[in-house]
2 protein chains.
Amino acid sequence: MAYAEQYIEKLRKSGLRPTKQRIKICEVLFDAENTFHFTIKELVKIIENQANIKVSLATVYNTVHAFMRKGYLKEIPLNASQSYYDTNVTHHHHFFDEEENRLIDIHQDDVDEVNIKRTIPGKKIKSVEVIAKIVSDNQSQK
Amino acid sequence: MAYAEQYIEKLRKSGLRPTKQRIKICEVLFDAENTFHFTIKELVKIIENQANIKVSLATVYNTVHAFMRKGYLKEIPLNASQSYYDTNVTHHHHFFDEEENRLIDIHQDDVDEVNIKRTIPGKKIKSVEVIAKIVSDNQSQK
DNA sequence: TAATACATTATATTTATTCTAAACTGTTGA
DNA sequence: TCAACAGTTTAGAATAAATATAATGTATTA
Ligand SMILES: [Mn+2]
Ligand SMILES: [Mn+2]
Ligand SMILES: [Zn+2]
Ligand SMILES: [Zn+2]
């Protein structure tokens, strides 16, 4: 598979040598058919479940941070108690389902350009993110 | 001043008796000419500086949480390592100045209604928040 | 192979947050 | 008046995410 080479490429560009542990992390993060959102705890559990190798927490954190620095992962601040990370690094927005504690991507195309009619002198906008909180629609129709 | 009564009202509605410590917290939070953003650490420091009474961390956390439950304060998830709180509980958006680590309000009127062309079956949108990250505009004009 | 550079890991540390339990305060009613 | 009670404050302990450390392991290079 050419996958392994992609992982090695990503690791090298992140300044990391391609080791067994790091490639395993890449497999979980980037081999998925779809992008996904995760916490470090969840990532460690996924690795444990689908691999026969153990990867220490330090390695997971270090690798995730290296990928973030390089732009291969994004952090989504949602919750003060725990970081969420996103393997979808394209510009996009999110629904956050408060009942299921679940992030759902909204493609950039599905949100009209956000027009902010205010500027801060000496500053320019670097990025704009929308978070729409959603809840069950118990439309008790009369 | 009628302020004290407002505070007592807010405390009572939050299920808390108006004590010296809690009223002091209200003074800092709600007497300000303008609304503001703070971390718990900052709030404790403000109280220490402007009061002759000491308020324990536990009381500050408990009171802030009670006010959040009641909707007198909002939490702004920005940073995985520390919570930011907002005394502006109207619907509004934010600039986040990444260089100065500072939140700036954007009034709802200054952002065109965010139109999301996507729905999740069985769910409805409860709130929509925009965070625009800003950085110095070193427009090196040629 | 030997020297060196880099990685991994278990463990310790840090820090925000939450919990606990004891001391304190204000209210109530005999 | 004052004892009982409910609620409050507090210091300190516990928890848990994140980060740092330092010893051991592995790969690369000369
Ligand atoms: Mn909280
Ligand atoms: Mn981080
Ligand atoms: Zn996403
Ligand atoms: Zn605000």
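Letters A, B, ... mirror the listed sequences (proteins, then strands); counts begin at 1.
Taking a 4.5 Å side-chain heavy-atom cut-off between Ile, Leu, Val, Met, Phe, Trp and Tyr, the cluster of A:Val89 contains only that residue. Side-chain heavy-atom separations under 4.5 angstrom define the hydrophobic clusters, and the remaining members of the one that includes A:Ile106 are A:Phe95, A:Ile104, A:Val111, A:Val114, A:Ile116, A:Ile120, A:Ile125, A:Val128, A:Val130, A:Ile134, B:Phe95, B:Ile104, B:Ile106, B:Val111, B:Val114, B:Ile116, B:Ile120, B:Ile125, B:Val128, B:Val130, B:Ile134.
Residue pairs meeting the side-chain hydrogen bond (donor to acceptor under 3.5 Å, both in side chains) criterion with at least one member in residues 15-28 of chain A, sequence neighbours excluded: A:Lys24-A:Glu27. Applying the ring pair (Phe, Tyr, Trp, His ring centres under 6.0 Å) test to residues at least two apart or on different chains, the pairs with a partner in residues 12-56 of chain A are A:Phe30-A:Phe67, A:Phe36-A:Phe38, A:His37-A:His94, A:Phe38-A:Tyr85.
Within a heavy-atom distance below 4.0 Å of DNA chain C, no residue of residues 17-31 of chain B is found. Of the residues in residues 41-56 of chain B, those lying under 4.0 Å from DNA chain D by heavy-atom distance are B:Lys54, B:Val55, B:Ser56.
For the pair A:Gln82 CD and D:dA16 C1', the computed distance is 9 Å after rounding to whole Å. As a whole-Å value, the separation of B:Tyr84 OH from C:dA16 C1' is 13 Å. The CD1-P distance, from A:Ile8 to D:dA27, rounds to 14 Å in whole Å. Whole-Å rounding puts the A:Leu16 CG to D:dT28 P distance at 14 Å.
The number of heavy atoms from other shown groups lying within 6.0 Å of NE2 (B:His91) is above 12. At most 12 heavy atoms of other shown residues, nucleotides or ligands fall within 6.0 angstrom of atom CD in A:Glu113.
Not counting sequence neighbours, the partners of A:Glu100 by the salt bridge (Lys or Arg N to Asp or Glu O under 4.0 Å) test are A:Arg102, B:Lys123. Residues passing the salt bridge (Lys or Arg N to Asp or Glu O under 4.0 Å) test with A:Lys13, sequence neighbours excluded: A:Glu9.
The shortest distance between the side-chain N/O atoms of B:His65 and the OP1/OP2 oxygens of C:dT17 is not below 4.0 Å. For D:dT19, the OP1/OP2 oxygens have no side-chain nitrogen or oxygen of A:Tyr61 closer than 4.0 Å.
Within the 4.0 angstrom heavy-atom criterion, base atoms lie near B:Leu57. Among the protein residues, A:Ser81 comes within range of the sugar-phosphate backbone only, with heavy atoms under 4.0 Å from sugar or phosphate atoms but none that close to a base.
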List the atom pairs, donor and acceptor, that lie under 3.5 Å between side-chain atoms in residues 40-56 of chain A and the rest of the protein, sequence neighbours left out.
| unit_1 | atom_1 | unit_2 | atom_2 | d |
| --- | --- | --- | --- | --- |
| A:Glu42 | OE1 | A:Thr39 | N | 3.0 |
| A:Ser56 | OG | A:Thr59 | N | 3.3 |
| A:Ser56 | OG | A:Thr59 | OG1 | 3.3 |

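Taking every side-chain heavy atom of B:Thr59 into account, D:dT9 is the closest of C:dT18, D:dT9, C:dT8.
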